[in-house]
Amino acid sequence: MNLFKYFREEIVAALGRLAEAGTLPGGLDTAKVTAEPPREEAHGDVATNAAMVLSKGAGLKPRDLAELLAAELRAHPAVVAVEVAGPGFINLRLAESFWAERLADVLKAGTNWGDGEPKGHRVNVEFVSANPTGPMHIGHARGAVVGDALASLLAKAGFDVTREYYINDAGAQVDVLARSAFLRYREALGEAIGDIPEGLYPGEYLKPVGEALAKAHGAAFKDSPEAEWLPAFRHYAVDAMMGMIREDLAALGVKHDVFTSERALVEAGRVDAALAFLEARDEIYTGVLEPPKGKVLDDWEPRPQVLFRATRFGDDVDRPLKKSDGSYTYFASDIAYHQDKFGRGFPDMIDIWGADHGGYVKRMQAAVRAVTEGQGSLDVKLCQMVNLLKGGQPYKMSKRAGTFVTLRDLVEAVGKDVVRFIMLTRKNDAHLDFDLDKVLEQSRDNPVFYVQYAHARCHSVLRHAADMWPTAPISGPALAAAPLARLTDPAELGLIKLLAGWPRLVESAAEAHEPHRVAFMLYDLAAAFHGLWNKGKDEARLRFLLEDDPDLSLARLALVRAVASVIASGLAVFGVEPVEEMR
RNA sequence: GCAGCCGUAGCUCAGCUGGAUAGAGCGCUGCCCUCCGAAGGCAGAGGUCGUAGGUUCGAAUCCUACCGGUUGCGCCA
């Protein structure tokens, strides 16, 4: 339960009662009424702006309306105090028993606490979509993690999520891949190939591909013209690269539900169909584009092109769909791809792109509007660069020096959980520093450690409790029945309030498509827990386990268990394994 | 030239889709840390939220114009 949603409904209901009694005019628009946690703790637990946003319609001064509503809200059993403050805020303070009940809710729900109601609403998250021409590098890691965590977050919030990967296997770059593989094939047959020519992929990872092709075909294509071997080699190489990419993703703990091939779309005529669809609606014409200003293009010459009327849908200029040789642009097949996703039952699409593709957002959104006739929506999350550092200094990657370059190497160096967590500690569109030393540091300014440590400490307490009272019921559901009313210290109540706010955070982070908020919530929760722990150092009576007071200890164990459970639940959104012991 | 993103404490960044006295970590300063649950704790200083206008009960948040940084800008994906 999102308690703020609950109180918003209670406030609206109270307004309804006032209207019924004739105190307020009927039919007030309550859409702008909010119930939120106040920033200042001193302002209570729930604050509403109702009096301020409704005063005009009600014909009352905000503070007068606030007093009326406050009187009505005082009757609520969970409310112990109501204050009218500032320009007309109404602040509610909630009973300790109310918080005890929320703690029991957390314990009963376990890691399902915070789950949204199933919405029966499908969302497609497309991410990674790295070109199938080589292993994943560090630049891909952020998009992979952000997409995967966003998908998990949406799933937790109650959406029916599909994780999708778009394989760009139709462009010129896969032909280059095929030629590169062909070279390795000749090499595997014993030919001296010398340096890899400019324009081909030089990576060693293509050697096994060449060897496999040599094994399969022998010398059959050794001296054949390109047309004879290219499609087969391309097919094999793309498959091999995708296999490698899937392994890289698996190392990072990422798994897609659907892989869609661009080539398959093209061969099935989907691009033709999409263009015909637009043609029929007069969204396509042949025209000449202006050269971009302020940028020197020596080879620019105006020429007629097949253009999409993107300007009709909010883009700055109309966009080309065909190259001068008559083949489709990337944009054209991407239109078909998004129309395909829409047709598969995803009106809501999210794409995760690198920030260098930022210039394509408008045109893609324009195309989605056109091709779904306004029924589909596309949100694009752009992931900024990751700056790799070591000890605060830029980390130069070099193959020769043995410093790593691939995603796999990064994961092997620091672990997948560290990579995943750190990638989510910034907004997707902000630059991110990834310090190879800091992320392994055991200190407060390493959020991964700090959060994991809080979780491990919780379990340490639970282990101690099991030693002290071997028969005590300390499972989550059992602890829901503990005497929770005995938790009265402000630090304890503060912790419960954080736990109780988890559903609201899940909901708003999911709605905003911002998984990084979970990282900050986890950090705050860990800080509050460590704070309470430290208080126990100074004040012995605040320790979790008191041999002479098993009842109170049980209540505190309930709190500890709940903290562990919410941390675990947040880490689950990130795909990070919560640890029970630090080593 | 145009477009997207960014501009908040000395540094790195949050700021809950418009709320009340703008927060955290690092760094700095000062105390505390012989024992439970090592990988520290507590407190303090530090801000005209890039600038200037606008919208309204109320703006770091929305709009406009500038300034600075960044990423892009037909036949690459």
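In the text below, chain A, chain B and the rest are named by the order of the sequence lines, each starting its count at 1.
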Using the [atom1] atom in both, what is the distance from [N] to [M], to the nearest Å?
N: B/C32; M: B/U12; atom1: P; answer: 34 Å
N: B/U29; M: B/G72; atom1: P; answer: 42 Å
N: B/C62; M: B/G4; atom1: P; answer: 14 Å
N: B/C11; M: B/U55; atom1: P; answer: 34 Å
N: B/G25; M: B/G15; atom1: C1'; answer: 15 Å
N: B/G58; M: B/U21; atom1: C1'; answer: 15 Å
N: B/U8; M: B/U48; atom1: C1'; answer: 12 Å
N: B/A77; M: B/G18; atom1: P; answer: 39 Å

Pi stacking test for A/His43 and B/A20: under 5.5 Å apart, planes under 30°: yes

A/Tyr453 ring over B/A39 six-membered base ring, under 5.5 Å and 30°: no

I'd like to know if the side chain of [X] pairs up with that of [Y] as donor and acceptor (distance under 3.5 Å, no hydrogens or angles considered).
X: A/His513; Y: A/Asp379; value: yes
X: A/Asp334; Y: A/Tyr330; value: yes
X: A/Asn131; Y: A/Thr133; value: no

Can you identify which nucleotide, out of [options], has its nearest atom closest to the [X] side chain?
X: A/Asn131; options: B/A77, B/G74, B/A60; value: B/A77
X: A/Leu382; options: B/A77, B/G19, B/G4; value: B/G4
X: A/Asp356; options: B/A77, B/G23, B/U71; value: B/U71
X: A/Lys323; options: B/G4, B/G74, B/C75; value: B/C75
X: A/Pro38; options: B/G40, B/A20, B/G74; value: B/A20
X: A/Asp433; options: B/U12, B/C75, B/A20; value: B/U12

Got a donor-acceptor pair under 3.5 Å from the side chain of [X] to the base of [N]?
X: A/Asn91; N: B/A20; result: yes
X: A/Tyr360; N: B/A77; result: yes
X: A/Arg504; N: B/C16; result: yes
X: A/His516; N: B/A14; result: no

How close or far is atom [atom2] of [N] from atom [atom1] of [X], stated in whole angstroms?
X: A/Arg363; N: B/A3; atom1: CZ; atom2: P; answer: 15 Å
X: A/Lys438; N: B/C11; atom1: NZ; atom2: C1'; answer: 10 Å
X: A/Lys32; N: B/G19; atom1: NZ; atom2: P; answer: 12 Å
X: A/Tyr330; N: B/A77; atom1: OH; atom2: P; answer: 9 Å
X: A/Leu525; N: B/C16; atom1: CG; atom2: P; answer: 20 Å
X: A/Trp533; N: B/A39; atom1: CH2; atom2: P; answer: 9 Å
X: A/Lys537; N: B/A38; atom1: NZ; atom2: P; answer: 7 Å

Touch class at under 4.0 angstrom, heavy-atom based, for A/Ala355 against every strand present: sugar-phosphate

Sugar-phosphate only, base, or nothing, as touched by A/Arg426 at under 4.0 Å among non-hydrogen atoms: sugar-phosphate

Please indicate whether [X] has more than 12 foreign heavy atoms, meaning atoms of other residues, nucleotides or ligands, lying under 6.0 Å from its [atom1].
X: A/Arg369; atom1: CZ; answer: yes
X: A/Glu539; atom1: CD; answer: yes
X: A/Glu41; atom1: CD; answer: no

Counter-base of [N], judged by Watson-Crick or G-U geometry with both distances under 3.5 Å:
N: B/C42; value: B/G30
N: B/U56; value: none
N: B/G47; value: none
N: B/G1; value: B/C73

Charged tip of A/Arg363 within 45° of A/Tyr360 ring normal and under 6.0 Å: yes

Glycosidic conformation of B/U17, taking syn as within 90° of 0 and anti otherwise: syn

Distance below 4.0 Å between A/Lys427 side-chain N/O and B/C13 OP1 or OP2: no

Near-ring test A/Phe529/A/Phe544, centroid separation under 6.0 angstrom: yes

